[in-house]
Amino acid sequence: MNDGVMVRLSDGEDLINKMRPYFDYLSQRTMEWDGLWTAPYLDAWGLGVAITYAVPAVSKITGRTIGVAGVDATLEEIEHFLIRYQWGAVYTFIINKQGETILHPKLKNSLSLLEDPIFITISQLEQDKGHPRGFSEIEKDLRNLKKGHKTIFKNGENITYYYGGAGGEYGFAFVLTKSDQIYRRAQEPQDYRHNTTSFWNLLIEYNSTLARDKLPGVYEHLEVRYNDSKYPLLTVSEKHSSIFFAPKCHCDPNKYFFDEELDDKTVHAHKYINLDEPDAGCDGGGQYEKGLRADVKITYPIEEYWASRQFEWIDQIKWTYVGMRSGVFRTYPGHRSTRLYDATTRAWFKRAKRDPTKTVISNAYMDSAGVGKIITISQAVFEGLPVISQEECVRKSEYGPWPGGCECKGDNECISRRCYMSGAAKFANDLHPRCATERVEAVTSLDMLYNDFYHQTVQIMESTDDGKKDYKKRGCGRAYKCPDNNWGCQTRCYLFDNEGYILTDDDFVSANDLDEKKYKEVSLGKKEGEIMKELVYKYGLFVRKEYVDFQGTCTITPYTPKVTLSGIPMIPEEQDDYYKFKGPIPAFSNSYGCIQDVVHYEADNSKLKETGMLTGNISGPCMSGFYYVTALPKTNLFVLVIENWKRNSSDKIFNFNCKITQSLVTSGAFRIINGTCSAREDESNSRPQLCPLLKNESLVNVTCDYNASNKLAPRWWELSWCLFYLLLMSAPGLGFRSSTRGLVSNTT
């Protein structure tokens, strides 16, 4: 169509040239936009997810669009800009005018996506089945780019959303809990007699010409070692710890990402953390957020303890560190951290923060520096106690639980669930223990080689001789005669965490370090399906959780373990080399983006009986035996002991019943391959139907309309066929399992 003339296209060849008059006609009649933002997409050069701001170039002579000028920005850069304004538990998110989420802490890092992102409405991330309902009003304002704030009750506490619009296309919000409404920052200690020099994490840069000139003698004092047998290919200082700042600590994180002028950055950081430069903050023209140096000084005394401690397992400790909620990170021995590292986003920090009164132990995983399988032991550090009178405590709550600083007799009397004697000088004459504050200020952790941890744990769990003739012979891992006097029984012992993942298993020790699937996040259901099934469905000790991950990762070919780490960027120097490892040619990947159904479990300790123990007698398709389950006090762990454990054989070549039992209670991510029969379109979150704006509507009389399918209720026979299909595909031996969200494959 051109100026009212209709042209019939006889075939589909060369459509671009044949349709050019049509495109030219529309471009002349539509409005001249100042510019627009694109939807996020995966950058072709391997820089992650990006968005583009594009402006049309329109000819003043013909009125036609002759080109487009654009500028790209990665979501990574936007994210690091926003987190500068976050503290404590504060988080932020960005959506577009259609309510689709661009940035959110529950979504994957933009650099880890394998394909263009599948948009998720913000209500799916901030609400659970439409609750809290008050968020719907916040979402409406955000989609209309309105500015405001609103407090709603969510997850057992009041949460406030501060929101507004940006760029005419996006809405953003900062989310604050009650404890973060009052911004508190630690103050620098006034007594510096016990504080000596701290060192920046780029240790090798102290050997640069600039650093040797500006900081003479520092490199020799550090006694830097390279490629030590305990720390292969790494540069470390076993004499001192090192300091690192997360990206959110920098006033302009984007200037900090690249390997440029590292010697100058090291000199400047060294002077800042050691009082040689003022703590001006970002508003005062400084390079770092104001107040970070206080955390550097507060954490220094722990270095002396780390360097002088002596205990039986000291040789097995690889790293010891403390991460502050401000983003300050101190680690021993001193070594370089990757520049995108942020302790507050790491799993060990989140686990300890979630259970602040417990010592939290991770399951086995591969050390990022390639030293082998390790586990992490973490403990939360609470904010300092405020000075508060007992009268004020009673006014806040007559019978408790009480806030931080109030006198207490036990953990149950405190909101933080932690009652202790403070060693602070202001409480030197205090004879009463007090409640810890509710806010976690830091998390301290240590990394230990997994095999050493396993052998030490098994040794502790070994049974002792209490007078019974063969009692010691029935200890963990021992084989003996079954009650029917036939051989084949043994005692199996496991440590597993509050998410149902196993920590100790013989198979983990023998597994190749590069074969992470054999030991990382192995569910108890995969090893002892019958027992996990009873813990879930009979006792309710574990609660099943399920959600859809629209940014999942699947593999093209079946999983195979790595053979070598050669060629993979492992040490921080390699991971920080953006020019080499982030383009222009993306690395080959066997993975692709997919939608997955994610299943996991969470423990409910209240389901333990008054004795603190669950017991049961099992005889199932996989095994038989008598088991005991109990929680380890003050930790996130449980102990499982199975006596008279015996593998049950099957008369078939493959024990299908055993496999099915294990799959019913196994955590994991399963690819959704055919959608779901129960899916419903949420009309409130659907993309609005917009017609293009016209320069002069009198010239073109076009009705704004859309083609849409009829919304008919499903007939009974359609539902019957859907149910029959589910039943057929979930039959044993076909490799599929049933899900409330649809059919999912057992292959991740």
Side-chain angles (χ1 to χ4, degrees), residues 39-40 42 48-49 51 74-76 78-83 85-96 98-132 134-136 138-139 142-143 152-157 159-163 170-177 180 246-248 325 340 342-354 499 521 543-554 593-602 667-670 672 682 685 741 748:
L42 197 64
V49 178
I51 57 176
T74 65
L75 285 190
E76 182 186 25
I78 297 173
E79 180 179 9
H80 287 303
F81 174 78
L82 289 174
I83 62 177
Y85 300 99
Q86 298 178 187
W87 66 91
V90 176
Y91 69 91
T92 186
F93 62 80
I94 302 175
I95 68 172
N96 60 20
Q98 287 74 46
E100 299 165 335
T101 311
I102 308 301
L103 191 68
H104 194 283
K106 289 185 179 180
L107 299 181
K108 285 188 177 180
N109 184 288
S110 60
L111 290 177
S112 64
L113 293 180
L114 302 174
E115 296 180 357
D116 289 343
I118 299 174
F119 292 114
I120 308 169
T121 57
I122 188 61
S123 58
Q124 289 181 273
L125 301 175
E126 291 292 320
Q127 290 179 302
D128 182 13
K129 297 179 181 179
H131 297 280
F135 180 77
S136 298
I138 298 173
E139 181 185 3
L142 279 167
R143 292 169 68 165
I152 61 177
F153 189 76
K154 179 181 177 182
N155 298 330
E157 61 180 332
I159 296 179
T160 302
Y161 291 78
Y162 293 88
Y163 51 86
Y170 298 104
F172 67 92
F174 284 87
V175 187
L176 285 71
T177 61
D180 290 311
K248 65 183 179 182
R325 67 185 179 95
L340 295 181
D342 185 348
T344 62
T345 65
R346 307 296 286 186
W348 55 268
F349 193 98
K350 293 179 178 179
R351 281 194 300 263
K353 187 176 179 181
R354 191 163 54 242
E499 293 183 342
E521 294 187 348
V543 179
R544 177 187 170 100
K545 304 287 185 179
E546 186 176 5
Y547 67 93
V548 173
D549 183 3
F550 291 92
Q551 298 179 334
T553 301
C554 297
C594 62
I595 304 176
Q596 293 178 313
D597 186 55
V598 181
V599 177
H600 68 286
Y601 294 88
E602 295 179 4
S667 302
F670 307 89
I672 299 177
D682 186 356
N685 292 323
R741 297 186 184 275
T748 57

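- A donor-acceptor pair shorter than 3.5 Å can be found between the side chains of Lys248 and Thr344.
- Side chain of Thr121 to main chain of Gly99: no donor-acceptor pair is present (N/O by atom type, distance under 3.5 Å, no hydrogens or angles).
- At least one donor-acceptor pair under 3.5 Å links the side chain of Thr92 to the backbone N or O of Ala173.
- With sequence neighbours excluded, the residues satisfying side-chain contact (heavy atoms from CB on, under 4.5 Å) with Tyr162 are His149, Thr160, Leu176, Gln181.
- Here the CZ atom belonging to Arg544 is positioned 10.5 Å from the NE2 atom belonging to His600, to the nearest 0.5 angstrom.
- The line from CD1 of Ile95 to CG of Leu142 is 4.5 Å long, rounded to the nearest 0.5 Å.
- Side-chain contact between Leu107 and Leu125: present, with at least one pair of heavy atoms (C-beta onward) separated by less than 4.5 Å.
- With contacts defined as side-chain heavy-atom distances shorter than 4.5 Å, the pair Glu126/Phe93 qualifies.
- Classification of the Tyr161-Phe135 ring pair by plane angle, with boundaries at 30° and 60°, yields tilted.
- The heavy-atom pair separating His104 from Ile122 by the smallest distance is CD2-CD1, 3.7 Å.
- Nearest heavy atom pair, residue Arg354 against residue Glu499, reads NH2-OE2, 3.9 Å.
- Using a distance-only test at 3.5 Å, with no hydrogens or angles considered, no donor-acceptor pair links the side chain of Glu546 to the main chain of Asp597.
- A pairwise comparison of heavy atoms in Phe349 and Ala343 identifies CB-O, 3.0 Å as the closest pair.
- Of the inter-residue distances, the one linking Ile138 atom CD1 with Ser123 atom OG reads 12.5 Å to the nearest 0.5 angstrom.
- In this structure Thr177 satisfies the side-chain hydrogen bond (donor to acceptor under 3.5 Å, both in side chains) test together with Ser179, Asp180, sequence neighbours excluded.
- Residues Tyr601 and Ser667 are in side-chain contact: their nearest non-hydrogen atoms beyond the backbone lie under 4.5 Å apart.
- Residues forming a side-chain hydrogen bond (donor to acceptor under 3.5 Å, both in side chains) with Gln127 (at least two apart in sequence, or on another chain): Ser136.
- Summarising the geometry of Ile102 relative to Asn96, their closest heavy-atom pair is CG1-N, 4.1 Å, with the distance given to 0.1 Å.
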